[in-house]
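Positions are given from 1 along the sequence. Remember, it's 1-based here, ligands and their atoms both numbered in the order they're listed.
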Amino acid sequence: MFSFFRKKEKKILDEVREEEPTDYSDATKIAEYFKNETGVTFDKQMNILNNKAMTFCKQREISSFSKLLDLLDSDAVIKQELIDYLTTNETFFYREFKQIEELVGLVKKDVSLVKIMCAPSSTGEEPYSIAIALLEAGVSADKFRILGIDINSDALNKAQKAVYKQRNVRNLSDEIIQRYFYKQDDKFILRDSIKSLVDFKLINIFDASFATLGKFDYIFSRNMFIYFDAQTKVRAKKILQDMRKNQDQKIFFGHADEL
Ligand SMILES: C[S@@+](CC[C@H](N)C(=O)[O-])C[C@H]1O[C@@H](n2cnc3c(N)ncnc32)[C@H](O)[C@@H]1O
């Protein structure tokens, strides 16, 4: 009797396995796909990618990496979800502030309207920091516009909401926090007067449409190149350089970006 049930159970399990064989053993092709699409490399972190891609698939009942690859070609929603899941968005207000101070000094000398781009902006702390620092230095709000772009839609939704935690504002003085945020429980909510100075756009710097954003007086591109390999850094640098109004103007890269 026992063996009859065991046999039946085994047969059912075998049938299920035949229908949906799972295979999460090798994420090499996912890594290639992701690098081609976003520039972000997992070459030195294949174990991390393997685990993350497996979790991503299991959460969506996708039975194998090859099925995921098929879906990525046909399903824009899954593609965006994978991008949101695999990109790293760590950022905070007044990060590497010396560069922001340098920018403020330059903008103060400019006479006409100044266009600034943060590529990437992640959850908004960098472009908002620039806006705050410019106002603090006495630059009038109608003298500059800031555009933040990023490939991660979750990050941009957070940027547009502009609701932050203590760790995001840890570099800001109490005076600045009081002037530009209001507090609700443990949250720091940016005031509309600052939010209105920054626009956000979901875009990949490697997409042809990136060039249609126009030309900018100043470009910040900090802590994105750290996720690119050497070849991709060269490609990305050229794309950003072509977005400058003035070809002599340097681009502000992060200290960890190693060009
Ligand atoms: C660590 S954050 C840097 C944010 C901010 N610039 C800073 O330094 O604090 C890196 C951001 O780069 C974005 N990113 C990666 N590849 C991108 C691409 N090809 N196009 C646009 N954004 C990209 C990620 O989504 C992520 O939000």
Side-chain angles (χ1 to χ4, degrees), residues 30-43 45 48-49 52 56 72 79-103 116-133 146-162 164-165 167-172 198-213 216 218-243 251-259:
I30 309 273
E32 279 167 15
Y33 173 89
F34 204 69
K35 186 152 91 180
N36 280 341
E37 290 293 320
T38 67
V40 173
T41 179
F42 282 90
D43 287 354
Q45 295 175 301
I48 293 176
L49 177 65
K52 288 195 104 177
F56 182 86
L72 288 169
K79 181 176 167 185
Q80 187 62 55
E81 283 178 4
L82 188 73
I83 290 171
D84 292 352
Y85 191 68
L86 291 181
T87 44
T88 307
N89 311 118
E90 170 60 16
T91 182
F92 47 92
F93 280 89
Y94 277 24
R95 184 179 199 176
E96 299 184 52
F97 187 63
K98 277 211 163 339
Q99 291 183 321
I100 296 178
E101 276 182 323
E102 189 183 335
L103 172 75
I116 302 163
M117 175 164 64
C118 290
S121 66
S122 187
T123 41
E125 288 89 325
E126 183 177 278
Y128 290 139
S129 293
I130 292 173
I132 291 172
I146 306 174
L147 175 67
I149 70 96
D150 206 283
I151 199 174
N152 184 308
S153 65
D154 285 343
L156 288 184
N157 287 337
K158 285 187 187 150
Q160 270 152 343
K161 288 195 184 107
Y164 296 101
K165 297 193 178 127
R167 66 184 168 82
N168 308 121
V169 300
R170 62 186 181 264
N171 277 359
L172 300 179
V198 181
D199 295 312
F200 291 99
K201 188 162 177 64
L202 179 67
I203 199 161
N204 179 349
I205 63 151
F206 298 109
D207 280 356
S209 56
F210 186 60
T212 66
L213 296 178
F216 292 82
Y218 302 106
I219 297 177
F220 268 56
S221 184
R222 305 193 301 172
N223 302 298
M224 172 172 70
F225 278 49
I226 41 174
Y227 303 103
F228 295 167
D229 65 13
Q231 244 182 336
T232 311
K233 283 181 192 188
V234 174
R235 232 177 97 214
K237 194 172 172 187
K238 169 86 177 68
I239 289 168
L240 293 174
Q241 283 171 336
D242 289 346
M243 301 290 281
I251 295 170
F252 292 83
F253 291 106
H255 293 122
D257 286 321
E258 268 183 49
L259 303 173

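- Contacts between I83 and ligand 1, counted as non-hydrogen atom pairs separated by less than 4.0 Å, are absent for every part of the residue.
- The shortest heavy-atom distance from T123 to ligand 1 is not under 4.0 Å.
- With a 4.5 Å cut-off on side-chain heavy atoms, Y128 and Y94 do not count as touching.
- The nearest heavy-atom contact from the protein to atom 7 (C) of ligand 1 is R95 NH1, 3.3 Å.
- Under the side-chain contact (heavy atoms from CB on, under 4.5 Å) test applied with T91, the options S122, C118, S121, S129 reduce to a single match, S122.
- Nearest to atom 4 (C) of ligand 1 by heavy atom, out of S122, S221, A256, G124, is S122.
- Under 4.0 angstrom from ligand 1, the non-hydrogen atoms of F206 all belong to its side chain.
- P120 pairs by the side-chain contact (heavy atoms from CB on, under 4.5 Å) definition with D150, S221, M224, not counting sequence neighbours.
- Looking from atom 24 (C) of ligand 1 to the surrounding protein, the closest heavy atom is D150 OD1, 3.4 Å.
- Of all the atoms in ligand 1, the ones that sit under 4.0 Å from a non-hydrogen atom of T38 are 16 (N), 18 (C), 19 (N).
- If you take CD1 on I116 and OH on Y218, they are separated by 8.0 Å, rounding to the nearest 0.5 Å.
- Contacts of P120 with ligand 1, taken as heavy-atom pairs under 4.0 Å, involve both backbone and side chain.
- Contact annotation: the side chain of E258 never approaches that of I226 to less than 4.5 Å [non-hydrogen atoms, C-beta and beyond].
- Of the protein's heavy atoms, N223 ND2, 2.7 Å lies nearest to atom 8 (O) of ligand 1.
- In terms of polar-atom proximity, defined here as any N/O pair under 3.5 Å, Y227 makes no such contact with ligand 1.
- Side chain of T38 to main chain of F34: a donor-acceptor pair is present (N/O by atom type, distance under 3.5 Å, no hydrogens or angles).
- Nearest non-hydrogen protein atom to atom 18 (C) of ligand 1 is N204 OD1, 3.7 Å.
- At a 4.0 Å heavy-atom cut-off, ligand 1 touches T87 through the side chain alone.
- When hydrogens are left out, the protein atom nearest atom 2 (S) of ligand 1 is T88 O, 3.5 Å; that is the closest non-hydrogen contact.
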_Between T41 and D229, does the side chain to side chain donor-acceptor pair (under 3.5 Å) criterion hold? Intermediate values first, please._
CA-CA 6 Å; T41 179; D229 65 13; 5.0 Å; no
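- Heavy-atom proximity to atom 20 (N) of ligand 1, evaluated over I149, N89, I239, I205, is greatest for I205.
- For atom 22 (N) of ligand 1, the closest non-hydrogen atom on the protein side is I151 N, 3.3 Å.
- Atom 9 (O) of ligand 1 has its closest protein heavy atom at T91 OG1, 2.6 Å.
- The N/O atoms of E126, backbone and side chain alike, include one that comes under 3.5 Å of an N/O atom in ligand 1.
- Cation-pi geometry between R167 and F92 is not met at under 6.0 angstrom from the ring centre and within 45 degrees of the axis.
- Only the backbone of E90 comes within 4.0 Å of ligand 1, counting heavy atoms alone; no side-chain atom from C-beta on gets that close.
- Against a heavy-atom cut-off of under 4.0 Å, I203 is close to the following atoms of ligand 1: 20 (N), 21 (C).
- With hydrogens left out, the protein atom closest to atom 3 (C) of ligand 1 is R222 O, 3.4 Å, a heavy atom.
- N204 contributes a side-chain N or O that, together with a main-chain N or O of F206, makes up a donor-acceptor pair within less than 3.5 Å.
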